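Notes for the one structure printed next.
FYI, side chains are in, hydrogens and waters are out, and symmetry mates aren't considered; it's all heavy atoms of this structure. Not measured: the values here are computed from a predicted model.
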Amino acid sequence: MKFEDLLLEIGGFGRFQILILFILCLPRINLPMHFLLHNFLAATPSHHCAIPHQEAFVNLTMEEVLLISIPREPDGTFRSCEMFSQPQFHLLLNSSLQPENNSIIQHCQHGWVYDDSQFTSTISTQWDLVCEQRGLNQATATFFFIGVTMGAVVFGYLSDRFGRKAMLLLSLVCSVIFGMLSAASISYSMLAILRTLTGVALSGVSLIVLPLGMEWVDIQHRTFSGILTSIFWSIGNMLLAMALRRMATDKKPGGSYSYISLFKTPVLRKISLCSGAVWFGVAFSYYGMSMNLTGFGLNMYLSQFVFGVIEIPAKMIMYVVMNRAGRRQSQAWALILTGLCIGANVIIPKPFTSLRSVVAIMGKGFSEAAFTAVFLYTSELYPTVLRQNGMGYTSFVARLGGALAPLVFLLDEVWRSLPEVTYCGVAVCCGSVAFLLPETLNAHLPEGIEDVERAQVKGPPQISAPEGMLLQSLLK
């Protein structure tokens with residue numbers, strides 16, 4: 001008798017399976033805290049060369065010392081990696097003057113001074129991984145993922161040979177040890193080695209949890225098991241942002257903000273609810289189409305290739321459309337047309353394979369266009385003090401949509417076309433919600449909550465043509 005048959009006889013999803021899944025899901029919360037830690041661990045705050053004290057500086061303010069010691073960029077900001085070899089006192093009379101010659105400009109000789117308003121300490125500030133050494137800063141993420149790659153090979157083989165449970169326990173113990181040692185690193189080399197070993201250990205957790213959970217449940221609950229474990233990744237993703245934000249020193253006026261702040265004021269509450277619905281619809285329809293490779297009459301491998309190819313022109317077209325028609329119209333119609341394409345294939349008869357394939361490819365293109373637009377649009381909707389909270393919240397809602405999308409395929413037992421109808425309805429409804437959001441084309445980014453509330457009444461402030469061109473070039 002096969003093990004699956006035995007599970008069916010004793011009940012394939014009882015209290016034991018629920019307990020096993022719960023225990024296996026807990027380590028998944030820890031994974032994004034390591035996989036995405038680089039964003040905070042290696043953050044580089046604004047900085048400039050350290051200026052050694054001189055007697056001539058006694059009566060000067062800090063701004064004046066910087067003015068005569070550090071050259072400026074064309075936009076007026078101080079350069080991060082260069083300084084004058086000798087103080088340029090003539091700049092005190094006219095700060096717009098240029099240095100007499102470039103030979104007096106040199107690289108930083110005495111270290112750097114960092115802005116600690118957001119990050120009190122990162123590996124960039126601790127070991128001066130800036131300017132010529134900035135490559136080492138980014139390499140820490142590479143070392144970690146090299147470890148993950150090595151761990152995939154090692155634990156993939158060992159878990160089949162020595163058992164899932166033993167290797168899962170080993171990877172958990174190793175990840176705790178190496179993670180704690182990484183936090184106590186006293187040199188960059190030590191950190192790089194330990195982050196690599198942490199990646200090896202965590203790769204075992206990532207690889208073993210899902211198969212082990214699926215092996216202990218019956219066939220009917222395998223999909224549920226897989227989606228449930230993936231949801232705990234999203235929970236860990238949110239906890240990472242919340243934990244680090246609580247730990248960070250917030251010296252900005254007005255105090256700290258949280259996810260609750262997204263719903264405190266009327267306009268921001270409307271934006272949060274509507275953008276959450278849009279993100280859910282975008283992810284739900286995107287993954288619904290991406291995971292239905294055999295439902296449009298094409299070869300499975302050809303479908304995957306064509307679906308990937310269509311994304312490139314979709315992004316290019318969306319770049320033009322968003323700058324012409326605006327963010328709101330582009331976002332709404334891209335998602336609505338995605339739903340209509342999905343719905344059209346419900347009506348088109350199965351024998352019309354070519355037509356169904358063309359419509360499906362168009363739908364995938366519109367779906368990718370909607371996903372491309374929603375990142376930029378959402379970033380422009382939220383104020384600076386809440387932008388990361390807003391992106392975290394909408395990303396969480398999107399992951400819920402992505403997690404639910406595969407489960408909708410199970411509705412074909414009720415009615416063969418019910419999954420497509422569901423994807424179509426959700427996409428059209430969520431796309432229509434986008435019309436309720438304010439337009440942000442050529443508008444200044446709001447800095448505070450009051451800017452968002454005021455802009456709804458007065459309309460978004462417009463930026464001049466040069467500023468608009470600069471912003472577009474930065475967003476490419």
Between OG of Ser367 and CD1 of Ile361, what distance do you get to the nearest 0.5 Å?
13.5 Å
So Gln329 and Val321, side-chain contact (heavy atoms from CB on, under 4.5 Å) or not? Walk me through it.
CA-CA 9 Å; Gln329 296 289 334; Val321 173; over 6 Å; no
Hey, does Leu268 have a side-chain heavy atom less than 4.5 Å from the side chain of Pro383?
yes
List the atom of Arg79, the atom of Arg72, and the distance in Å for their closest heavy-atom pair.
NE-O, 3.4 Å
For Phe144, is there any backbone N or O sitting under 3.5 Å from a side-chain donor or acceptor partner on Arg195?
no
Working to the nearest 0.5 angstrom, can you tell me the gap between Ile449 CD1 and Lys264 NZ?
7.5 Å
Please answer whether the main-chain N or O of Thr61 pairs with a side-chain N or O of Glu64 as donor and acceptor at a distance below 3.5 Å.
yes
For Ile208, does its backbone N or O pair with a side-chain atom of Arg164 as donor and acceptor, under 3.5 Å?
no
With the side chain counted from C-beta on, respond yes when Glu380 and Leu445 share a heavy-atom pair under 4.5 Å apart, and no when they do not.
yes
When you compare the side chain of Leu436 with that of Leu273, does any pair of heavy atoms fall below 4.5 Å?
no
So, does Ser285 use its side chain to make a donor-acceptor pair with the main chain of Ala427 at under 3.5 Å?
no
Between CZ of Phe232 and CG of Leu21, what distance do you get to the nearest 0.5 Å?
9.5 Å
Are the side chain of Thr378 and the backbone of Phe375 linked by a donor-acceptor contact shorter than 3.5 Å?
no
Does Thr384 use its side chain to pair, donor to acceptor, with the backbone of Pro446 at less than 3.5 Å?
yes
Hey, what do you get for CE (Met322) to CD (Gln331), rounding to the nearest 0.5 Å?
7.0 Å
Exercise: identify the closest heavy-atom pair between Gly151 and Leu207:
O-CD1, 4.2 Å
Aromatic contact, Phe396 with Tyr259 (centres under 6.0 Å)
no
Is a donor on one side and an acceptor on the other found under 3.5 Å between the side chain of Ser203 and the backbone of Val200?
no
For Ser124 versus Tyr114, what's the shortest heavy-atom pair and its separation?
O-OH, 3.5 Å
Determine whether Leu172 and Val176 satisfy the following criterion, side-chain contact (heavy atoms from CB on, under 4.5 Å), listing intermediate values before the conclusion.
CA-CA 6 Å; Leu172 286 172; Val176 170; 5.7 Å; no
Glu413 CD: over 12 foreign heavy atoms closer than 6.0 Å:
no
Within-4.5 Å side-chain heavy-atom neighbours: Met167 and Ser171
no
Parallel, tilted or perpendicular, judged at 30° and 60°: which one describes the rings of Phe145 and Phe35?
perpendicular
Ring pair (Phe, Tyr, Trp, His ring centres under 6.0 Å) test vs Tyr286 passes for just one of Phe371, Trp279, Phe366, Phe280, namely Phe371
Leu437 vs Tyr377, side-chain contact (heavy atoms from CB on, under 4.5 Å): CA-CA, chis, key distance, verdict
CA-CA 10 Å; Leu437 293 169; Tyr377 192 18; 3.2 Å; yes
Closest non-hydrogen atom pair, Ser175 against Leu202
CB-CD2, 3.7 Å
Could you tell me whether the side chain of Val452 reaches within less than 4.5 Å of the side chain of Thr265, counting heavy atoms only?
no
Compare every heavy atom of Ala398 with every heavy atom of Ala283, then report the nearest pair and how far apart it is.
CB-O, 3.2 Å
Using the ring centroid of each side chain, check whether Tyr423 and Tyr287 are separated by less than 6.0 Å.
no
Between Asn137 and Thr44: side-chain donor-acceptor atoms closer than 3.5 Å:
yes
Quick check: closest heavy atoms across Leu335 and Gly431, and the distance to 0.1 Å?
CD2-N, 3.5 Å
Looking at Glu447 and Val385, would you say the former's side chain and the latter's main chain have a donor-acceptor pair under 3.5 Å?
no
Just by modelled atom types, is the Phe155 backbone N or O under 3.5 Å from a matching donor or acceptor in the Ser159 side chain?
yes
Step through the shown structure and confirm whether more than 12 heavy atoms of other residues, nucleotides or ligands are within 6.0 Å of CE on Met180.
no
Return the CG to OG distance between Leu197 and Ser182, rounded to the nearest 0.5 Å.
8.0 Å
So, Glu420 side chain and Ile342 main chain: donor-acceptor pair closer than 3.5 Å or not?
no
Is Cys81 close enough to Cys49 that their SG atoms are under 2.5 Å apart?
no
Give the intermediate values and the outcome of side-chain contact (heavy atoms from CB on, under 4.5 Å) for residues Asn323 and Tyr319.
CA-CA 7 Å; Asn323 285 329; Tyr319 170 78; 3.8 Å; yes
Indicate whether the side chain of Tyr382 and that of Ser275 have a donor and an acceptor atom separated by less than 3.5 Å.
yes
Do Arg327 and Leu376 come within less than 4.5 Å of each other through their side chains, counting heavy atoms only?
yes
Note, His38 side chain near Thr140 side chain (heavy atom, < 4.5 Å)
yes
Take atom CZ of Arg387 as the centre, draw a 6.0 Å sphere, and report whether it contains more than 12 heavy atoms from other residues, nucleotides or ligands.
yes
So do the side chains of Ser417 and Val346 get within less than 4.5 Å of each other, counting heavy atoms only?
yes
May I ask you to check whether over 12 heavy atoms, not counting those of Phe22, lie within 6.0 Å of atom CZ?
no
Taken to the nearest 0.5 Å, the spacing of Phe284 CZ from Thr338 OG1 works out to 13.0 Å
